Amino acid sequence: MTNSQIAELFGQVTDLLEFQGANPFRVRAYRNATRKIHDLPEPITAIVQDESRQLTDIDGIGKDLAEKITELVNTGRLSMLDELLTEIPESVLALLRIPGLGPKKAAALYRELGIETLDQVREACLAHRVRELKGFAAKTEETILAGLDLAAQADKRIYWSKADAIVERLLALLRDCPGVARLEVAGSYRRGKETVGDLDFLADSDDASAIMDRLAEFEETDTIIARGDTKMSVRLVGGLQIDLRVVPAKSFGAALQYFTGSKDHNVTLRGMAKSRGLKINEWGVFRVDGDCEEYLAGHEEADVYAALDLPCFPPELREARQEFDWASSGELPELVQLSDLCGDLHMHTNATDGKATLEQMADAAIARGLSYIAITDHSKRVTMARGLDADRLRRQWEEIDRLNERLDDLLVLKGIEVDILERGGLDLPDDVLCDADWIVASVHYGQNQPGEQITQRILDAIENPNVSAIAHPTGRLINRRKPYAVDLEAVMVAARKHGKLLELNANPARLDLDDVACSAAKRHEIPIVISTDAHSIDGLDVMRFGVLQARRGGLTKADVANTRPWPEMQAMIG
DNA sequence: GCCGTTTTCGGCCCGACTGTTTTCAGTCG
């Protein structure tokens, strides 16, 4: 079982406990453990099976949870979950996705009215049976009805890149609003998460109503969910929620810290503050003395952290994973930046399914300040893309030779994205591949094969001496396609052994490897290549999305191979 | 259910807003 699968089951347990009205701190302990398992950069099964190691060494995993994890790993079942499901049908968990309906109200619907599904909720609301319940009334019924459609798509978080486009438009609208001194976007957007569930805008303004009016007038604003003195929430036409907070200058840094999160990062931070007799909230850092509260800091975000002798963590690291440990040991990594990258080693031309010519791609790379690129068109198995056979590939390489003679500032490498065939083996013979400068191998067909089979195909590719890197190693498409059942840990062990690199595909729909896998690769000391997989000139601009993901994985410039000049990279791949 | 410079019990981050209430519970972030 993978960490994700195990985390999924503990997540169900957590939701069911919450639905049952269990002790909120117990619920939190389960939610915390769920996340820890998901974020662990090594397989938790390996820890269970290693007698010299203890699950309880993981922060947030105690004796009880360790036993449950062990049971799950050893038997494939979790008796606690089975028992919970005899008490509560799994379908009621969908009720929790209705905005405005939390565990208490959802449980009341189930207990009092026997409601188990979203359809039954709709029926009960339309029949006005919900408003009869204690704690409910007409308004709540309306809210639930309005939220039902959203519940159906509630797990649809949008790509960071899409959120970024909306952010640009909203910043342009709100920035020059009268009274606004500072304006920032916080939340998971600022932390660079691959998907974003809502957007949190933060303004330092002496005229809150002016900026709130402006948000209300945004052409894409559909409904106003709430509006108070300092806080406003709206929903855009596409369903995305925008939260706006207005704070005074002396609280701006504290609010930025607060609303950037993550929630778990903040819980840890506030716990640390409390143990020092301090209190941190969105209004500032305060010294608490009896009933007296003395304002200490809050103007700048860094001041908030400094009050606890902490560095101002890059937002991408604020996930309560390793950042506090790094800070206390003075090992906070200096994260890779877009400007560190000097090459792009995965892109296509119109020889296959790209839109631009070889020369246009080269010009575009020069315009973006790159010093080398690899042309990696598809191999022949990818018939839909008119993949290259040996003859066409060699002709492209001759064209690249001629191009390189004319270019001063860019080296174009002769490459190929060679398919890893369904039955195993590569799509082009070794006597062709051995003449390439750079080869990425990837799976496009047979993606649904059992884990053992697809893993073996990739391991065989890694053992081929001509292969430089594995492209998009799990094949997932965010919100659209699950990752292959590949054993990523085995792939990393093999990549390390054979000196191969792994790709972080910067396409905003892929971003594969993800942040947790990046940090696993770092643990294995495998250099990552961040590549655009560009199919057009504009496709070269996605590199920044890949860099964000790498930063979330804690990668430094040294951890990313294509921050090096090509001769050094070439030495790395032998 | 976890945790320990408050150490095996008694805490566990904190505030805004809404709706249903007449002082607060629930939800959200």
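The structure displayed is predicted, hence computed values, not measured ones. A note on names: the letters A, B, ... follow the listed sequences, proteins ahead of strands, and every chain is numbered from 1.
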Span that lies between the [atom1] atom of [M] and that of [N], in whole angstrom:
N       : M       : atom1 : answer
dT20(B) : dC14(B) : C1'   : 23 Å
dG1(B)  : dT8(B)  : C1'   : 14 Å
dT6(B)  : dC2(B)  : C1'   : 16 Å
dT21(B) : dC17(B) : P     : 22 Å
dC3(B)  : dC13(B) : P     : 14 Å
dG10(B) : dG15(B) : P     : 25 Å

task = Measure the spacing between CG of Leu148(A) and CG of Asp119(A) and express it to the nearest 0.5 Å.
result =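 Those atoms lie 8.5 Å apart.
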Between atom [atom1] in [X] and atom [atom2] in [N], what is the gap in whole Å?
X         : N       : atom1 : atom2 : result
Ile98(A)  : dG26(B) : CD1   : P     : 18 Å
Ile61(A)  : dC2(B)  : CD1   : P     : 8 Å
His265(A) : dC14(B) : NE2   : P     : 15 Å
Phe324(A) : dC13(B) : CZ    : P     : 13 Å
Leu95(A)  : dG26(B) : CG    : P     : 17 Å
Arg26(A)  : dG1(B)  : CZ    : P     : 4 Å
Lys231(A) : dA16(B) : NZ    : C1'   : 6 Å
Leu269(A) : dC14(B) : CG    : P     : 11 Å

Under 4.0 Å, counting only non-hydrogen atoms across every strand here, what does [X] touch: a base, just sugar-phosphate, or nothing?
X        : result
Pro24(A) : nothing
Asp64(A) : sugar-phosphate
Tyr30(A) : sugar-phosphate

Between [options], which one does the side chain of [X] approach most closely?
X         : options                   : answer
Ser275(A) : dT6(B), dG29(B), dG1(B)   : dT6(B)
Lys274(A) : dC2(B), dC14(B), dC3(B)   : dC14(B)
Phe25(A)  : dC14(B), dG1(B), dT27(B)  : dG1(B)
Glu282(A) : dG15(B), dT27(B), dG29(B) : dG15(B)
Ala29(A)  : dC13(B), dG1(B), dT27(B)  : dG1(B)
Asp59(A)  : dG29(B), dC3(B), dG1(B)   : dC3(B)

Given [N], is OP1 or OP2 found less than 4.0 Å from the side-chain N or O atoms of [X]?
X         : N       : value
Thr230(A) : dC17(B) : yes
Arg28(A)  : dC13(B) : yes
Trp283(A) : dA16(B) : yes
Asn281(A) : dG15(B) : yes

Met232(A) or Leu101(A), whichever maps to the more 5' nucleotide of DNA chain B = Met232(A)
query = In Watson-Crick or G-U wobble terms, both distances under 3.5 Å, what is the partner of dT8(B)?
reply =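 Looking at the geometry, dT8(B) pairs with no nucleotide.
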query = Counting only heavy atoms not in Glu87(A), do more than 12 sit closer than 6.0 Å to its CD atom?
reply = yes
ask   = So, does Arg182(A) use its side chain to make a donor-acceptor pair with the main chain of Ala249(A) at under 3.5 Å?
value = no
message = Strictly distance-based, threshold 3.5 Å: is any side-chain N or O of Glu220(A) a donor or acceptor partner for the main-chain N or O of Leu236(A)?
response = no
Under 3.5 Å between N/O atoms: give me all the protein pairs with nucleotides 18-23 of chain B, atom names plus distance.
from    : atom 1 : to        : atom 2 : distance (Å)
dT18(B) : OP1    : Arg227(A) : N      : 3.0
dT18(B) : OP1    : Arg227(A) : O      : 3.4
dG19(B) : O3'    : Thr140(A) : OG1    : 3.2
dT20(B) : OP1    : Ala137(A) : N      : 3.0
dT20(B) : OP1    : Ala137(A) : O      : 3.4
dT20(B) : OP1    : Thr140(A) : N      : 3.2
dT20(B) : OP1    : Thr140(A) : OG1    : 2.7

inquiry  = Under 3.5 Å, is there any donor-acceptor pair linking the side chain of Asn32(A) to the base of dG1(B)?
reply    = no
query = In a check of salt bridge (Lys or Arg N to Asp or Glu O under 4.0 Å) between Glu18(A) and each of Arg31(A), Arg28(A), Lys104(A), which one passes?
reply = Arg31(A)
query = Does Glu323(A) pair with Arg191(A) as a salt bridge, N-O distance under 4.0 Å?
reply = no
query = Do Arg53(A) and Glu42(A) sit within salt-bridge range, that is, some charged N less than 4.0 Å from a carboxylate O?
reply = yes
message = Could you check whether Lys68(A) makes a cation-pi contact with Phe10(A), meaning its NZ or CZ is under 6.0 Å from the centre of the six-membered ring and within 45° of the ring axis?
response = no
Parallel, tilted or perpendicular, as decided by the 30° and 60° cut-offs, for the rings of Phe324(A) and Phe313(A) = perpendicular
